[in-house]
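Data block below; observations after.
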Amino acid sequence: MPDSLTALSHVTVSPDYHTLCERVADRIVELVLSKPDAVLGLATGATPKGVYQALIRRHQEQRLDFSRVTCFNLDEYYPMSPDSPHSYHSFMRENLFSSLEVRQWSVPGGEPRGPEQIERDCLAYEAAIREAGGIDLQLLGIGRTGHIGFNEPGSPRGSRTRLVTLDPVTRHDAAPDFGGMENVPTQAVTVGLATIFEARAIVLMASGKSKADIVRRALTGVVTEDVPASLLQNIDRVRYFLDSDAAERL
Ligand code: PGA
């Protein structure tokens, strides 16, 4: 079967953002119930926020236990202090981990430091994922450039955790959060594509009309490093959760 047909057979379209988030939360809950010490790969951005709210609600209302779960986030701006309100450390603390107790959570380090130290820290992040047993479920958003994590167009499919340069489109999209594009960092540390592809399950979610074009290219277009999310077409363990706006061009 052509890759794009496989990808399309793995799409779930929800009528709205709320339903989309509940379905993705269902998938995570199903994993944690079957494997209470699961390792989750998590994402930041507007898209997964509703999933995190759903997980917190289920933890509070249904006493779902996450205390043995380990979480690794995909990326962090560079340079970026973990205490900055713009950091993905802060995002995860505010949106999930201040309300949900897990065994351990990690976000790649964005503190300014020399290239050799960055490389050592990236290797250590990869080693920590391996030592935890690898990622059971990797949650992904998708940027308008087709990035997953901060793997921008041109990222090698064999890439590992590393310092990268952000695409201007990505910086433009982040500008409102930073009060202007000139304040958005030009670099980031991201988990690599090869690391993402090793996850035992991958859930890519997208919401809204602004994602419809890149969703079409990623799921039905040419498989190319120029659209990093298109490389997921080669992986059978990927499930795409979209709302009807993001799916409108499929
Ligand atoms: P968003 O970002 O959820 O804020 O649209 C997605 C991404 O860049 O991965």
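Just so you know, ligand 1 is whichever comes first in the structure, and atom 1 is the first atom listed for that ligand. The basis for the numbers below is simple: all heavy atoms, side chains too, and nothing from hydrogens, waters or symmetry mates. Quick note: residue numbers are just sequence positions, from 1.
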Do [Y] and [X] meet the salt-bridge criterion of a basic N to acidic O distance under 4.0 Å?
X: Arg130; Y: Glu198; answer: no
X: Glu22; Y: Arg57; answer: yes
X: Glu119; Y: Arg160; answer: no
X: Asp213; Y: Arg216; answer: yes

Show which atoms of ligand 1 fall inside a sub-4.0 Å distance from at least one heavy-atom site of [X].
X: Lys211; result: 1 (P), 5 (O), 6 (C)
X: Thr47; result: 1 (P), 3 (O), 5 (O)
X: His147; result: 7 (C), 8 (O), 9 (O)
X: Gly45; result: 3 (O), 4 (O)

- Item | Close aromatic pair by centroid cut-off 6.0 Å: Tyr78 and Phe150 |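 Between Phe150 and Tyr78, which both carry aromatic rings, the centre distance is not below 6.0 Å.
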- Return the orientation label for the Phe97 and Trp105 ring planes: parallel under 30°, perpendicular over 60°, tilted otherwise. parallel
- Decide whether an N or O pair under 3.5 Å exists between Gly149 and ligand 1. no
- Message: With nothing but distance in play, are any N or O atoms of Thr44 less than 3.5 Å from an N or O of ligand 1?
- Response: no
- Distance-only polar pair, side chains of Ser84 and Ser81, donor-acceptor under 3.5 Å: no
- Is the closest heavy-atom distance from Arg144 to ligand 1 below 4.0 Å? no
- Message: Quick test: of every protein heavy atom, which one is nearest to atom 4 (O) of ligand 1, and how far off is it to 0.1 Å?
- Response: Ala46 N, 2.9 Å
- Message: Heavy-atom distances under 4.0 Å decide this one: backbone, side chain, both or neither, for Ile142 against ligand 1?
- Response: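 Backbone only.
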